[in-house]
Number of protein chains: 2
Amino acid sequence: MAESTAKPPAKNSAKTSAKSRRGGRASKSGTKSPKLGMTESGKRVTSYDVARVAGVSQSAVSRCFKPGASVSKKMRDKVMTVAKELGFQPNAIARSLITRRSNMVAVIINNLTNLNYPELLVQLSRRFDERHVHVLLFTLEHESDVDKMLDQVWQYQVDGVISAARLSEEQVSFFEERGVPLVFYNRSFQDFPVSAICCNQEEGERLLVNKLHGAGHRNFAVISGPADSVVSNQRTQGALNRLKELGVTKVPVEEGDYGYDSGRIAFRHLMSKRKPPDAILCANDVMAIGCMDAARHEFGLKIPEDVSVVGFDGTSTGAWASYRLTTIDQPLEIMAEAAVNMLMERVENPELPPEKRTFSGVFLEGESAQL
Amino acid sequence: MAESTAKPPAKNSAKTSAKSRRGGRASKSGTKSPKLGMTESGKRVTSYDVARVAGVSQSAVSRCFKPGASVSKKMRDKVMTVAKELGFQPNAIARSLITRRSNMVAVIINNLTNLNYPELLVQLSRRFDERHVHVLLFTLEHESDVDKMLDQVWQYQVDGVISAARLSEEQVSFFEERGVPLVFYNRSFQDFPVSAICCNQEEGERLLVNKLHGAGHRNFAVISGPADSVVSNQRTQGALNRLKELGVTKVPVEEGDYGYDSGRIAFRHLMSKRKPPDAILCANDVMAIGCMDAARHEFGLKIPEDVSVVGFDGTSTGAWASYRLTTIDQPLEIMAEAAVNMLMERVENPELPPEKRTFSGVFLEGESAQL
DNA sequence: TTGTAGGCGTTATCAA
DNA sequence: TTGATAACGCCTACAA
């Protein structure tokens with residue numbers, strides 16, 4: 001075991017020859033190495049380099065960078081000094097390989113012009129950062145790309161996944177089978193247990209209907225989002241269901257795509273009906289804004305006198321003085337926080353069963369509806 | 001060197017004992033392993049598992065997943081079949097360790113409510129994805145966090161960095177010393193060679209000034225962004241410089257924070273001057289919108305009759321019917337594409353010298369200014 | 001074309 | 001508390 005013949009040569013020959021790279025304790029005081037974090041041979045400084053210069057074992061170096069490890073103060077000082085001197089930082093990739101924790105989570109969003117996602121992303125990123133977890137971003141162009149993307153996510157050995165995109169049951173199983181915690185953001189399954197953070201879309205929409213109906217509106221219309229958007233369907237159904245309960249039927253539904261222009265176009269369509277609506281429920285704020293602009297600028301209508309318009313989301317643009325949109329505010333920050341918590345709990349403890357947390361939206365009274 | 005005593009046993013003992021995990025060729029036809037991608041002992045399927053089941057060497061498996069490797073069709077079929085059967089995907093972390101390429105790039109943005117960044121992020125992510133490169137997101141809360149963040153970036157061994165946040169000269173050197181390619185987005189240094197993709201802020205602003213001045217405006221004001229924003233300073237200075245050249249001096253400058261409210265507040269301040277402006281240059285679209293709203297709703301002014309307002313960015317909101325903002329459109333998609341290209345070129349060939357590409361903004365005529 | 005064996009830079013396990 | 005040594009899962013000469 002101590003015969004310095006067979007084993008050592010291979011690994012050590014490199015290390016030994018490397019010993020001359022950086023003369024012992026290169027710096028007396030000011031002779032700092034020119035390239036911090038790099039050896040003279042142009043390679044990344046490793047814990048071996050630090051160990052050599054500090055005259056300790058490599059494992060000692062490793063321990064010094066592990067919080068709560070058993071190291072003497074003397075050792076720690078010595079190692080940390082050299083580490084700083086050489087610009088050493090442990091390689092997270094190598095660490096991930098052995099610990100099986102990458103400290104990375106995947107965030108999946110689809111590329112729709114959902115004015116909310118960008119903000120969500122920033123919120124998530126901030127909160128993960130606080131926990132020293134990093135966000136690996138996956139944006140979907142088309143739903144069909146999902147499977148390839150899932151493979152990528154798996155390859156990168158992420159600790160968990162937050163998905164603001166819909167996944168099929170098989171795709172959910174993909175992660176479940178592999179023991180990768182998954183938390184949905186604003187999507188869920190009824191017939192399949194998954195963890196999710198949601199805003200209660202239906203409830204919010206019902207609230208809006210109640211307000212409008214209570215104010216005497218009877219002539220409703222709905223502008224939905226894209227047909228394949230779960231959130232849009234929930235909102236639209238929420239509105240229609242409540243209206244039905246209140247005895248209002250035959251409510252025209254125009255399909256939009258969440259974008260400004262589609263709101264305008266939908267409004268035009270509604271105005272071409274034999275009985276134009278006096279209250280319009282839009283599946284998001286941006287379409288509501290498009291709707292208002294069409295009403296005012298194309299039809300010369302006054303809002304809310306001639307027609308009431310409400311949205312959903314609580315985006316900052318809705319509050320602009322030109323719109324003062326009445327809407328439901330999704331508590332985005334709270335939801336982001338909750339999503340991060342829920343995911344990290346499951347990363348720490350994979351046995352936790354799926355859980356859903358549903359937040360109510362907050363009614364935001366603007367001036368776009370007669371109430 | 002060939003004494004089979006010391007070395008082999010250790011490694012092989014594990015592999016051999018593992019051989020019993022999955023009975024040879026588990027599936028005859030339908031007996032699929034319950035958990036795809038996982039061995040029966042609950043570990044991730046590795047290339048060794050595939051090799052064992054397929055009855056080939058591990059390196060053969062590895063080669064089959066390397067595009068353009070020298071493998072017989074028979075071998076490839078055999079391996080790929082088993083791989084699919086077991087749900088094997090190569091571990092990108094392990095691969096990164098040996099190849100020293102993580103196929104991850106860091107994207108650094110600061111958290112300001114810059115309505116453009118989110119969109120930029122989506123664009124970058126899309127384009128990197130196409131190259132099978134993944135985005136590791138870093139958002140800065142405060143400038144002071146930068147250094148900690150840089151260490152993180154380095155630890156994750158990213159192949160390159162795109163920064164839409166300003167970095168100090170030392171911070172730039174950090175990457176340069178370590179051979180990590182860095183491309184700035186809309187920031188640059190004059191006295192330090194770095195790669196960057198920029199929109200020509202100054203030029204755009206001068207264009208706006210020319211148009212306004214040519215239309216007879218003489219009474220200008222500027223609403224700047226935050227004092228520490230490079231882009232804002234470039235825009236503001238561009239405007240002021242051109243105005244000076246045209247003989248217009250004593251131009252009041254109000255400082256905003258890029259947000260809607262700050263545009264409104266700035267407008268109020270301007271109106272309290274003894275000589276209110278008739279042309280206002282705003283450092284971004286959102287402030288211009290705030291400005292317009294204040295003018296209309298707080299002061300009952302007409303735009304552009306009473307006051308001309310122009311912005312900068314070309315955000316979609318600026319085109320909304322209530323604003324029809326005259327502005328400069330930054331070619332975001334083109335810039336994102338260019339940034340990705342520039343970075344990846346340097347990842348492939350680290351010897352490439354720094355390069356700057358500056359795109360001109362496109363004048364977008366709306367109806368918010370008398371021209 | 002295929003297999004053998006060494007190394008990438010850590011952490012983890014055990015003696016010392 | 002410290003130091004040797006074995007993984008982690010892959011890629012890549014080199015040899016067959």
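Residue numbering restarts at 1 for every chain, and letters A, B, ... go by the order of the sequence lines.
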Nearest-nucleotide pick for [X], side chain only, options being [options]:
X: A:I98; options: D:dC11, C:dG9, C:dT11; result: C:dT11
X: A:S59; options: C:dC8, D:dA4, C:dG3; result: D:dA4
X: A:S57; options: C:dC8, D:dG3, C:dT10; result: D:dG3
X: B:L97; options: C:dG9, D:dT2, C:dT2; result: C:dG9
X: A:P90; options: C:dT10, C:dC8, C:dT4; result: C:dT10

Quick check for you: to the nearest 0.5 Å, what is the distance between [X] atom [atom1] and [Y] atom [atom2]?
X: A:M104; Y: A:Q157; atom1: CE; atom2: CD; value: 8.0 Å
X: B:L140; Y: B:I109; atom1: CG; atom2: CD1; value: 8.5 Å
X: B:R44; Y: B:M38; atom1: CZ; atom2: CE; value: 7.5 Å
X: A:R126; Y: A:L121; atom1: CZ; atom2: CG; value: 13.0 Å
X: A:E141; Y: B:D129; atom1: CD; atom2: CG; value: 9.0 Å

Whole angstrom value for the distance that separates [atom2] of [N] from [atom1] of [X]:
X: B:W154; N: C:dG9; atom1: CH2; atom2: C1'; value: 12 Å
X: B:K43; N: D:dA7; atom1: NZ; atom2: P; value: 11 Å
X: B:Y156; N: C:dG9; atom1: OH; atom2: C1'; value: 15 Å
X: A:D49; N: C:dG9; atom1: CG; atom2: P; value: 9 Å
X: A:I93; N: C:dT11; atom1: CD1; atom2: C1'; value: 15 Å
X: B:R52; N: C:dT4; atom1: CZ; atom2: P; value: 15 Å
X: B:R95; N: C:dG9; atom1: CZ; atom2: C1'; value: 18 Å
X: A:Q157; N: D:dC8; atom1: CD; atom2: C1'; value: 9 Å

Classify the nucleic acid contact of [X] as base, sugar-phosphate or nothing, counting any heavy atom under 4.0 Å across all strands shown.
X: A:T99; answer: sugar-phosphate
X: B:V61; answer: nothing
X: A:R44; answer: nothing
X: A:F65; answer: nothing

Between [X] and [N], does any side-chain N or O lie under 4.0 Å from OP1 or OP2?
X: B:S62; N: D:dC11; answer: yes
X: B:S72; N: C:dT2; answer: yes
X: A:R63; N: C:dT10; answer: no
X: B:K66; N: D:dT12; answer: yes
X: B:S47; N: D:dC10; answer: yes
X: B:T46; N: D:dG9; answer: no

The residue, A:N91 or B:R76, whose nearest nucleotide of DNA chain C is more 5′ is B:R76
Nearest-nucleotide check on DNA chain C, A:Q89 vs B:G55; residue mapping nearer the 5' end is B:G55
Open item on the list: Tell me if the side-chain of B:Q58 makes a donor-acceptor pair with the base of D:dC11, cut-off 3.5 Å, by modelled atom types.
Closed with: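 It does, because a donor-acceptor pair links the side chain of B:Q58 to the base of D:dC11 below 3.5 Å.
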- Message: Both conditions, 6.0 Å and 45 degrees, for the charged tip of B:R52 above the ring of B:Y48: are they met here?
- Response: no
